[in-house]
There are 2 protein chains.
Amino acid sequence: MPFLKHLWKPSKSIFFYALLMALLVFALKWMQWKYLIADHSVDIYIGLIALFFTILGIWVASQLAKPKIETVVVEKEVYIVPPEEFVLNEAELKKLNLTTREYEVLQQLSKGLSNAEIGEQLFLSLSTVKTHVSNLFFKMDVKNRTQAIEKAKRLKLTP
Amino acid sequence: MPFLKHLWKPSKSIFFYALLMALLVFALKWMQWKYLIADHSVDIYIGLIALFFTILGIWVASQLAKPKIETVVVEKEVYIVPPEEFVLNEAELKKLNLTTREYEVLQQLSKGLSNAEIGEQLFLSLSTVKTHVSNLFFKMDVKNRTQAIEKAKRLKLTP
DNA sequence: CCCATTTTGGTACTTTAGTATGAGACGCTC
DNA sequence: GAGCGTCTCATACTAAAGTACCAAAATGGG
């Protein structure tokens, strides 16, 4: 009977109930000497005791058999990606009305390359790079390359 | 006491237990006449009845009371922040061994300001700004301001 | 107070960036 | 083919950036 296992669990309560039961027995014994020695109402006496202790047993069982609520906490992780990969903002790019070559120069510019290095990368003379860069600044409405880089990254035109 | 509601539910069982109880009382009455009239072992008799009916009550309660095991599953959503706000990388900053003033210049530099503008912001002459900037490039191991900005942002030294 | 570091500023110079202007070559379209 | 836009490159110039070296003033700790 698996129920009994639960009965023995709360050891502190056991002593309390045992003490309570002892007191009741003592009280009943006292009542026995006072009222029941004389007459023959032993049947009623026994019945009352049986009824009382049955109810007591039920009550004890109800007290010991506690709700027993098992709370299972399941942590559900809501993952929100931080990678933040580069997605070209084509709308903004189109607004600027850059030519193909100008955009290529802008990409190199955003890498932090100098005009000479851009020329090496795209096989252009320094003059040509300067021309593209200058036109780039005009179209982008900036005054120097650092502002151009900042704006290009902010508008998601370059990584 | 909500427990009693469960007791009254199975009406068929009630008659069975009532009948059982009646039989037991009858049996006890018979035992009473046979063994216990003569002597003074009424105490033991009462104790046995009390014990028996307590156990009976417990048993009845355990039979009638449902398992009563409630499993509550609580789903706890744990969010992982995406804000990605600027957090200064103090470790990397310390590695560079920049002076206070140099770092202030770097902060303005990262905004895309020219040397002259940085001078206006920090109330410095162009010469002083150039000195700081030059020392900055040496300590950061870069060749120009665009690389310095790129590195500062990558190492989370500036927003 | 002394010393090391920082901060500030200067001069002189080189390099790079950026502007302005022009011009030749190419491809496309009307 | 004329016109247009793009791409290329050049020259000339100015502005800004960057380097090198020096030095005075301020700062802060032992």
Side-chain angles (χ1 to χ4, degrees), chain A residues 88 90-155 157-159, chain B residues 88-155 157-158:
Chain A
L88 175 64
E90 296 183 48
E92 289 291 342
L93 181 57
K94 203 163 189 174
K95 280 185 191 173
L96 294 179
N97 200 30
L98 304 180
T99 68
T100 307
R101 209 56 167 164
E102 282 166 356
Y103 182 55
E104 288 173 5
V105 171
L106 177 59
Q107 289 174 328
Q108 301 301 316
L109 192 69
S110 284
K111 294 180 183 175
L113 302 186
S114 66
N115 290 340
E117 289 168 330
I118 294 172
E120 290 173 14
Q121 288 293 316
L122 303 179
F123 305 104
L124 295 174
S125 73
L126 182 59
S127 306
T128 309
V129 176
K130 281 189 176 185
T131 305
H132 287 316
V133 168
S134 196
N135 294 334
L136 216 37
F137 294 168
F138 175 74
K139 289 185 178 178
M140 292 179 74
D141 191 31
V142 295
K143 289 189 294 180
N144 51 53
R145 59 207 303 110
T146 61
Q147 289 180 13
I149 293 171
E150 188 275 331
K151 191 162 188 173
K153 288 181 183 292
R154 183 161 45 79
L155 297 183
L157 305 179
T158 56
Chain B
L88 175 64
N89 187 343
E90 296 183 49
E92 289 291 342
L93 181 57
K94 202 163 189 176
K95 280 185 190 172
L96 294 179
N97 200 29
L98 303 181
T99 68
T100 308
R101 210 55 166 164
E102 282 166 356
Y103 181 55
E104 288 172 6
V105 170
L106 177 59
Q107 289 173 329
Q108 301 300 317
L109 192 70
S110 285
K111 294 179 182 175
L113 301 185
S114 66
N115 290 340
E117 289 168 330
I118 293 171
E120 289 173 14
Q121 288 292 316
L122 303 179
F123 305 103
L124 295 175
S125 73
L126 181 59
S127 305
T128 309
V129 176
K130 281 189 175 185
T131 305
H132 286 316
V133 168
S134 196
N135 294 333
L136 217 36
F137 293 167
F138 175 73
K139 288 184 178 179
M140 293 178 74
D141 191 31
V142 296
K143 288 189 294 180
N144 52 53
R145 60 208 303 110
T146 60
Q147 289 181 14
I149 293 170
E150 188 275 332
K151 190 161 189 172
K153 288 181 183 292
R154 184 163 45 80
L155 297 183
L157 305 179
T158 55

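If you're wondering where the values come from, they're calculated on a predicted model, not measured in any experiment. In what follows, chains carry the letters A, B, and so on, assigned in the order in which the sequence lines appear, proteins first and then strands, with residues in each chain numbered from 1.
Residue contacts for S125(A): at a heavy-atom cut-off of 4.0 Å it reaches the sugar-phosphate backbone alone, with no base atom in range. Contacts of L124(B) with the nucleic acid, taken as non-hydrogen atoms under 4.0 Å apart, involve only primed sugar atoms and P, OP1 or OP2. Base contact: T131(A) has a heavy atom under 4.0 Å from a base atom.
Using a 4.5 Å heavy-atom threshold, the side chains of R101(A) and L122(A) count as touching.
Remark: N115(A) is in phosphate contact with dA17(C), judged by side-chain N or O atoms under 4.0 Å from OP1 or OP2. For S114(B), no side-chain nitrogen or oxygen approaches OP1 or OP2 of dA16(D) to under 4.0 Å. Put simply, T128(B) has a side-chain N or O that comes within less than 4.0 Å of OP1 or OP2 on dG9(C). For H132(A) and dT8(D), the shortest distance from a side-chain N or O to OP1 or OP2 is below 4.0 Å.
A donor-acceptor pair is defined here as one N or O able to donate and one able to accept, closer than 3.5 Å; such a pair exists between the side chain of K151(A) and the backbone of M140(A).
At whole-Å resolution of the value, NZ in K130(B) and C1' in dA17(C) are 13 Å apart. Atom CD of E102(A) and atom C1' of dC9(D) are 15 Å apart (whole Å). If you take CG of N135(B) and P of dG9(C), they are 15 Å apart, rounded to a whole angstrom.
Across the interface with DNA chain C, nearest-nucleotide mapping of T99(B) and N144(B) shows T99(B) to be the residue nearer the 5′ end. Projected onto DNA chain C by closest heavy-atom contact, V133(A) and L98(B) fall at different nucleotides, the more 5' of which corresponds to L98(B).
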